[in-house]
Amino acid sequence: RFCMGKSVKGLNVASMLLRSLSSTLRSYLRKGTSGLTAFCPLQTSKGKSCLLISVCDYSSYSEVKQRTYWQYLKRKIIAPPAPPYSHVCQVGDPVLRGIAKPVNPSEITSPDMQKLVKTLIKVMRKMDCVGLSAPQVGVPLQVLVLEFTEQKYNESSLHLREIRQLAHFPLKVFVNPSLRVLDSRSFSFPEGCASLSGFSACVPRYQAVEISGLNEKGEPVSWQASGWPARIIQHEVDHLNGVVYIDKMDSRTFVNSCWMESNE
């Protein structure tokens, strides 16, 4: 940004100066300085004046971690990955806050859409999740996958199975899903999310819902679920609307799942 102590006739003068200084300013900012100020004397028709040029690197005031020099060089040599990613996008990525677009039903069986579905399933299983939405792999489309295997169910304690109403179910794919509440009673239990890795919080969810849409073959499908499966459905549908669980959580229950290890 720039500001002028006195008005100078014609902004083209400032523009020329900024262009001439730009390479120098950028080099200083790349060296780690948070800002640079240059005082440029000017001769005007009304006498001498001074143009103050102040350049600030606002990213230095941000909590967002910046790329290292080696990461910068890596991206100069190797192109960055393109969606659908083989990793899960983390909160802060704008794709997680946008509204996912519906998929044209005629395109569901296309190679690109089939690749997206396969990537979602692969990443979900790799991350040991029970559900994943397309925005979480960088694709703002209304697609989600769900799966709670019998193995995961058996690994849960009898107490958890009962109190959280756990129920295993096979892989399910939904494109352009819609949600209908069947039982509006609300229950709050801890939830985690692969897009907020390492954290969890209690989130209220409806007891029972019905999800309807199309499967990976473009066929109409619907599923009525209650308890834990209904919670998973609501969590993933929220992602398609740019909502993450921290928007609905009880903030006093928000915890880092590794907090005890930090005290060891």
Side-chain angles (χ1 to χ4, degrees), residues 58-59 61-67 71 75 79-127 129-147 171-181 191-201 203-206 209-216 218 221-223 230-251 254:
Y58 291 102
S59 63
Y61 300 99
S62 171
E63 295 298 328
V64 178
K65 187 177 180 181
Q66 303 297 309
R67 286 192 303 174
Q71 289 172 326
R75 287 293 166 245
Y85 299 128
S86 59
H87 63 268
V88 178
C89 297
Q90 295 300 297
V91 166
D93 192 321
V95 72
L96 294 174
R97 288 304 192 175
I99 305 298
K101 297 179 180 179
V103 178
N104 188 327
S106 65
E107 297 178 358
I108 292 176
T109 56
S110 68
D112 286 344
M113 283 302 302
Q114 291 300 304
K115 178 184 177 182
L116 172 59
V117 171
K118 290 178 181 177
T119 300
L120 280 169
I121 296 169
K122 180 180 178 180
V123 175
M124 176 181 67
R125 290 172 174 171
K126 181 179 74 172
M127 300 297 295
C129 302
V130 293
L132 203 66
S133 67
Q136 290 181 279
V137 293
V139 180
L141 293 176
Q142 294 182 14
V143 185
L144 60 84
V145 295
L146 310 161
E147 183 180 47
L171 175 67
K172 296 180 182 293
V173 178
F174 286 91
V175 180
N176 300 340
S178 60
L179 192 68
R180 185 168 68 95
V181 177
E191 284 185 25
C193 181
S195 290
L196 287 96
S197 182
F199 296 90
S200 67
V203 183
R205 299 288 187 187
Y206 295 122
V209 297
E210 179 181 51
I211 182 173
S212 303
L214 304 173
N215 63 14
E216 69 276 21
V221 288
S222 63
W223 179 33
R231 176 174 294 272
I232 297 170
I233 293 170
Q234 292 170 76
H235 180 110
E236 297 307 329
V237 171
D238 274 352
H239 275 302
L240 304 184
N241 295 311
V243 176
V244 289
Y245 79 82
I246 55 175
D247 300 329
K248 298 181 174 182
M249 71 178 181
D250 175 355
S251 60
F254 184 62

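Just so it is clear, the values below take in all heavy atoms, side chains as well, and ignore hydrogens, waters and symmetry mates.
Under the 30°/60° scheme for interplanar angles, the aromatic rings of H87 and Y85 are found to lie parallel. Ring pair F199/F254 is parallel by interplanar angle, where below 30° counts as parallel and above 60° as perpendicular.
For the pair P102 and Q142, the minimum side-chain heavy-atom distance is below 4.5 Å. At a threshold of 4.5 Å between non-hydrogen side-chain atoms, the residues S197 and M127 do not count as touching. The side-chain heavy atoms of V137 and K122, taken from C-beta on, include no pair separated by under 4.5 Å. Taking 4.5 Å as the limit, some side-chain heavy atom of S222 sits within range of a side-chain heavy atom of E210. Taking 4.5 Å as the limit, some side-chain heavy atom of F174 sits within range of a side-chain heavy atom of L146. Counting only heavy atoms from C-beta outward, the side chains of T119 and S86 never approach each other to under 4.5 Å. At a threshold of 4.5 Å between non-hydrogen side-chain atoms, the residues Q136 and V123 do not count as touching. Between V244 and R97, the closest side-chain pair of non-hydrogen atoms falls below 4.5 Å.
Shown here is Y206, whose OH atom has no more than 12 heavy atoms of other residues, nucleotides or ligands within 6.0 Å.
Between the side chain of Q234 and the main chain of I232, no donor-acceptor pair closer than 3.5 Å is present. No donor-acceptor pair closer than 3.5 Å links the side chain of N241 to the backbone N or O of D238. E191 contributes no side-chain N or O that, together with a main-chain N or O of A201, makes up a donor-acceptor pair within less than 3.5 Å. Between the side chain of S195 and the main chain of C89, a donor-acceptor pair closer than 3.5 Å is present. Using modelled atom types, no side-chain atom of R205 and backbone atom of I233 make a donor-acceptor pair closer than 3.5 Å.
The shortest non-hydrogen separation linking V103 to V143 is CG2-CG2, 3.9 Å. Residues V139 and P83 approach most closely at CG2-CB, 3.9 Å, considering heavy atoms. Shortest non-hydrogen contact noted between G242 and D247 is O-OD2, 4.4 Å. Pairing each heavy atom of P140 with each of P135, the nearest pair is CA-CG, 4.5 Å.
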Evaluation steps, side-chain contact (heavy atoms from CB on, under 4.5 Å), between R231 and V203: CA-CA 9 Å; R231 176 174 294 272; V203 183; 4.2 Å; yes

Test side-chain contact (heavy atoms from CB on, under 4.5 Å) applied to V145 and E216, step by step: CA-CA 10 Å; V145 295; E216 69 276 21; over 6 Å; no

side-chain contact (heavy atoms from CB on, under 4.5 Å) evaluation trace for V237 with L144: CA-CA 8 Å; V237 171; L144 60 84; 4.0 Å; yes

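For the atom pair CD1 (I246) and OG (S251), the distance works out to 11.0 Å, reported to the nearest 0.5 Å. Atom NZ of K118 and atom CG of L116 lie 12.0 Å apart (nearest 0.5 Å). Here CG of L132 is found 9.0 Å from NE2 of H235. Values are rounded to the nearest 0.5 Å. In this structure, the separation between OG on S133 and CE on M124 is 11.5 Å, given to the nearest 0.5 Å. With values rounded to the nearest 0.5 angstrom, M113 atom CE is found 6.0 Å from L141 atom CG. In this structure, N215 CG and L171 CG are separated by 10.5 Å, a value rounded to the nearest 0.5 Å.
Side chains of S110 and E107: no donor on one and acceptor on the other come within 3.5 Å.
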